[in-house]
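Data first, discussion second: the structure below is written as structure tokens.
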Amino acid sequence: MAAHLVSTTINGDAVEFACPADESLLSALRNRLGLSGAKEGCGTGDCGACSVTLDGRLVCSCLVLGVEANGRKITTIEGMAENGVLHPLQENFIEYAALQCGICTPGFLIAAKVLLERNPNPTETEIRYALAGNLCRCTGYDKIVRAVQASARELRQIEKRKGRKKKGKKS
Amino acid sequence: MGNDPSYTNQKFKVIGSRVKRPDGIDKVTGRAKYGADHNAPGQLVGLFLRSPHAHARIKKISTARAEKLSGVKAIITCDDLPDLTNGDTEARDILENCMARGRALYDGHAIAAVAAIDEKTAKKALQLIKVTYEALPHVTDVDDALKPDAPVLHDYIYTTGVEPKPKTPSNLCNVSEFGHGDIEAGFAEADVIVEKSYKTEQVHQGYIEPHACVASVSPDGTGELWVTTQGHFSFRSVCANLLGMDVAKLKVTASEIGGGFGGKTHVWTEPVALALSRKANRPVKVVMTREEVFRASGPASSTSIDVKIGAKNDGTITAAFAALRYQGGAFPGIWAMLGAMTSFACYNLANVKALGYDVVVNRPKVAAYRAPSAPMAAFAVESTMDLLAKKLRMKPLDFRIKNAAKEGTRASYGPVYGPIGIGPTLEAVKKHPHMRARLKKNQGRGMACGFWFNFGGQTCTDLNIATDGSVTLTVGTIDVGGSRASLSLIAAEELGIPYEQVRAHIGDTGSLGHNDMTDGSRGTFSSGMATIFAARQAVEVMRARAATMWDIPVEDVVWESGQAKATGKKHRKLKALSLADIAAASPNTGGPIAGHNESVPDNAGVSFASHICDVEVDPETGATRVIRYTVIQDAGKAIHPTYVEGQFQGGAAQGIGWALNEEYIYGDDGRLQNPGFLDYRIPVCSDLPFIDTQILEIPNPHHPYGVRGVGETSIVPPLAAIGNALSNAMGVRMDHVPMSPPRILKALAQLDG
Amino acid sequence: MEIEASTIRQLLMVLVEQYPRMQGHLDEGVAIAVEGEIYRDNWDRVIPPGSEVFLIPRIQGG
Ligand code: FES
Ligand code: FES
């Protein structure tokens, strides 16, 4: 099978790579682009360890083809901290011990970020269902949910402050 | 000072604080390197051909066509792995499990392996290998395997542990017996006796990271192995022995580990990856698929257990008996023995007997899974305890408190206990608000206890102080849940410096002496003890260096709060020297400052837990939800309480999955039908509530800080706690795990009928 | 049985002397329980006088 040239944007950078039509995006990220933050726990869409976003939508990269990335925007765990500053979710995952072995962590962080972008004030149940596509075998999820709750609080405060500043400027 | 492991009740400065782990940032940014994240220049892809038969004679393997395929660099069958095990039956079993020798013993057993330039080529090569099988009768159920007409797996297994010695081979490898007293007399004394049989299905550890390694062997016989493992030193010895390499010439580096829970204490593909690399003369990377993990790594036993317990009307147990049958997969194991040892460990019993029957069947070779064998035994015993309490019209909790083991109790597995935590965890249950919370319709509450031994083991640790006063701690146990943070805390405590000044690393096999497997909850216990002694040795060196700097006798120097101080009036003017001061001067006072420790800190302290669980059952579907869960466990001393809680919660969640959903399903053809996370369903976030924890601290007398192992016990009580809760909710006694919706519906229907 | 020995190592030596067949078990791996605690490798552990010692198969954890 001939390789296809794929032009895409990953974590804000324009990237080109060639891959056969039947190769998964996960495999392209890990084996062609050196982005091994997304993990393969199953390869069948059941564990969420390979989570990335495709045009802002949460996907299992093991179920997306590399060629499908053409002309679209991908974010991976490697793009979550901006300019060396950890995202509040990343900070809180460490602070609340939401990771033990950490293999599921990149997937959870991506999924949680997507959740909080859509729903800044989720209930515990909403968090649990939003993260139900990500498996963690170490933590029993307790500390993961708490870290997400804490991050949601923090992000809402940040937004509030931003909002106040904007208002302040206008008047 | 010597290295005295005795508990000293010292006052702590940093121990017990909830610091951030040193590997945290790498793990939240995707930088941490796990088994599959490493690549070597020129590496090949290694893949395995696996048996589609539960049991078959391998008449012929023809690799000729695959070998001719362009891009194939090596093919391995058992012919490439001569038996060098020299009468060591355990090693021989490992060799045969890694690659079938004449017979496929279970669905998924490795038959051949290929190394090729890429995955596509390797896959094609696997298709070109032709294997001629002659199917043999198989058996996958532990009870069926013991029937007289069962197909016998191995003609060399004659049951040990029985008199007279059997004259014919069978699937029963060994019978072990534990206990004391006279159970016949005990049962005769009993006013009430309950007898019941139970079954539990096979489960997998379910670590999210599949097994992965990169093996590289050079023509000169040296080799390197990058691997996700719970014990890189043990992997080194096993692989070197199987392949006839010098142990010291194989360097094994442990990657970050994406979960193990016992399943990564055993080699599976690693020796074959090394053999492929040796044959191809290039590095070879082998990453298992999830399906391979389920079919061909090491799940836990399925079991069949009979329990009989008798008590007087006042609630005193007079006799207890259990017969425990555990399958170890296709090779002899010690799993029933462990079940028999742990089964009655929570109780103070005058007459007790537990018989363990270790059985082989056509399933993958069983490996340890968190407190291996204890959860199934606890399910059977703790369910029976509730049944008996009910018959005695006693509260199950009070019945347990009345019979709980305590200091001085002779354990059912032999020894006499020192200070232990079963009583205190039960008292804590009694006081816990969870016990008084209201329940609604279709809800029920249950509780159960659990026990695990905990182990120590060989340990070697190095501590080096840089000239700027920062400290490198190198340990040889694997960090499975934050032990680098806990060990750094310990080093900081001993040296009297801030936590941030210590950096802990996992050394490769070239940088430290042998360390045993990180199993039996020993990581923080053993390496922690070695770290204490290594730090104390470094302190001795620093005292001597301070003496040199001041030019006074070393006897006049004491170490206090991270500083060397000169004692006595004549040294009044000497200003205390900090660790940093002494480190800065070290190039001219004798060179680098280091402390190290090689030891065998056995004695990790037995550990007990009591769990409380509320469930809600949907009578229409039989689906059960855990709505509240509390773990109470003795930790000896919690070095980093958050991580201890994490161990408690993780173990409980695994136990909940085991209790309600997880099971290996074999078809009549002896093949595994659900080798994937879709059909082998582990708990997801929306299945569980928050899991409350309460840490008790009953110091381990054999550790300077009182630490006990904490990692395993929490998986022991959930099966029974949920079974007991279900019984209280619906009035049905579940005797088959998992207590899945179909089984619950069936039990409910029987109740109605 | 009663044996005079002050450490686990001595105990095992005496045992093998008296019961040569023990060597097989030792080669397979044993653990020793002294007063409720299990020792897998630390054969220097001192056995207090009068204490009970159990030989059990070497076991592993998860
Ligand atoms: S690897 Fe993609 S969902 Fe598991
Ligand atoms: S932290 Fe190990 S799987 Fe989630």
Side-chain angles (χ1 to χ4, degrees), chain A residues 1 20 22 27 30-31 34-47 49 76-78 80-81 86-87 89-91 93-109 124-125 127-146, chain B residues 18 20-21 23-34 36-37 39 119-120 205-210 256-261 287 289-291 479-482 629 640 642-643 645-654 656 676-678 682-693:
Chain A
M1 212 178 305
D22 62 351
S27 168
R30 291 180 53 85
N31 302 327
L35 294 170
S36 58
K39 308 296 178 193
E40 176 163 336
C42 66
T44 51
D46 300 315
C47 78
T76 69
I77 186 64
E78 285 89 349
M80 197 156 171
L86 294 185
H87 187 277
L89 275 164
Q90 291 173 306
E91 285 284 359
F93 264 57
I94 300 176
E95 179 70 38
Y96 283 77
L99 55 136
Q100 280 179 33
C101 79
I103 193 89
C104 67
T105 308
F108 269 99
L109 286 168
E124 183 202 331
T125 311
I127 293 174
R128 288 190 180 274
Y129 278 92
L131 300 180
N134 292 75
L135 298 181
C136 174
R137 192 58 156 171
C138 299
T139 62
Y141 306 103
D142 184 293
K143 295 186 189 305
I144 293 178
V145 175
R146 289 181 202 278
Chain B
R18 300 178 186 239
K20 291 185 192 173
R21 59 198 283 171
D23 51 327
I25 291 193
D26 279 357
K27 286 184 173 168
V28 298
T29 54
R31 282 186 217 175
K33 276 179 80 178
Y34 293 84
D37 298 338
N39 294 299
E119 194 176 329
K120 200 175 279 174
Q205 298 84 354
Y207 32 81
I208 306 300
E209 179 199 33
E256 290 294 340
I257 180 171
F261 318 112
V287 181
T289 63
R290 178 55 53 183
E291 184 185 324
D479 185 348
V480 288
Y629 204 97
H640 190 305
T642 314
Y643 295 158
E645 289 164 15
Q647 289 297 316
F648 290 5
Q649 292 165 336
Q654 285 182 320
I656 292 170
F677 278 139
L678 188 61
I682 73 173
V684 302
C685 200
S686 52
D687 291 336
L688 296 175
F690 285 121
I691 296 169
D692 294 331
T693 56

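Computed from heavy atoms alone, side chains included, the values below leave out hydrogens, waters and symmetry copies. Only a predicted model underlies this, so the values are computations on that prediction, with no experimental measurement involved. Letters A, B, ... are given to chains in the order of the sequence lines, protein chains preceding strands, and every chain is numbered from 1.
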Counting only heavy atoms closer than 4.5 Å, note whether [X] contacts chain A via side chain, backbone, both or neither.
X        : result
B/Ala36  : both
B/Ile208 : both
B/Tyr643 : side chain

For chain B, the option from [options] that forms the most heavy-atom pairs under 4.5 Å:
options                               : value
A/Cys104, A/Gly43, A/Cys42, A/Ser27   : A/Cys42
A/Leu131, A/Ile127, A/Thr105, A/Leu99 : A/Leu99
A/Ala38, A/Ala130, A/Gly102           : A/Gly102

Donor-acceptor contact below 3.5 Å, side chain [X] vs main chain [Y]:
X        : Y        : result
B/Arg18  : A/Glu95  : no
B/Arg290 : A/Gly41  : yes
A/Tyr129 : B/Cys685 : no
A/Tyr141 : B/Ala653 : no
B/Gln649 : A/Asp142 : no
A/Arg137 : B/Gln205 : yes
A/Gln100 : B/Gly646 : yes

Quick check: closest heavy atoms across [X] and [Y], and the distance to 0.1 Å?
X        : Y        : answer
B/Asp37  : A/Arg30  : OD1-NH2, 2.7 Å
B/Phe261 : A/Cys138 : CZ-SG, 3.6 Å
A/Leu86  : B/Thr29  : CD2-CG2, 3.8 Å
B/Val28  : A/Gln90  : O-NE2, 2.8 Å

Below 4.5 Å from any heavy atom of chain B, which atoms of A/Glu40 appear? Answer side chain, backbone, both or neither.
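Contact with chain B is through the backbone of A/Glu40 alone.
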
For chain A, which of [options] has the most heavy-atom pairs under 4.5 Å?
options                                : value
B/Gly651, B/Gly482, B/Pro210, B/Gly260 : B/Pro210
B/Ile656, B/Ile682, B/Thr289, B/Ile691 : B/Ile682
B/Gly259, B/Ala32, B/Gly206            : B/Gly206
B/Glu645, B/Glu256, B/His640, B/Glu119 : B/Glu645
B/Gly258, B/Ser686, B/Pro683           : B/Ser686

Discussion item. For B/Arg31, I'd like to know if atom CZ has over 12 heavy atoms of other residues, nucleotides or ligands within 6.0 Å.
Written reply: no

dist A/Leu109:CG -> B/Lys27:NZ (nearest 0.5 Å) comes out at 13.0 Å

One should read off an interatomic distance between B/Leu678 CG and A/Cys47 SG, to the nearest 0.5 angstrom, of 12.0 Å

Taking the cut-offs as 6.0 angstrom to the six-membered ring centre and 45 degrees off its axis, would you call B/Arg21 and A/Tyr96 a cation-pi pair?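 Here B/Arg21 fails the 6.0 Å and 45° test against A/Tyr96.
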
Practice task
Go through B/Phe677 and A/Thr44 one step at a time and tell me if the side-chain contact (heavy atoms from CB on, under 4.5 Å) criterion holds.
Solution key: CA-CA 9 Å; B/Phe677 278 139; A/Thr44 51; 5.9 Å; no

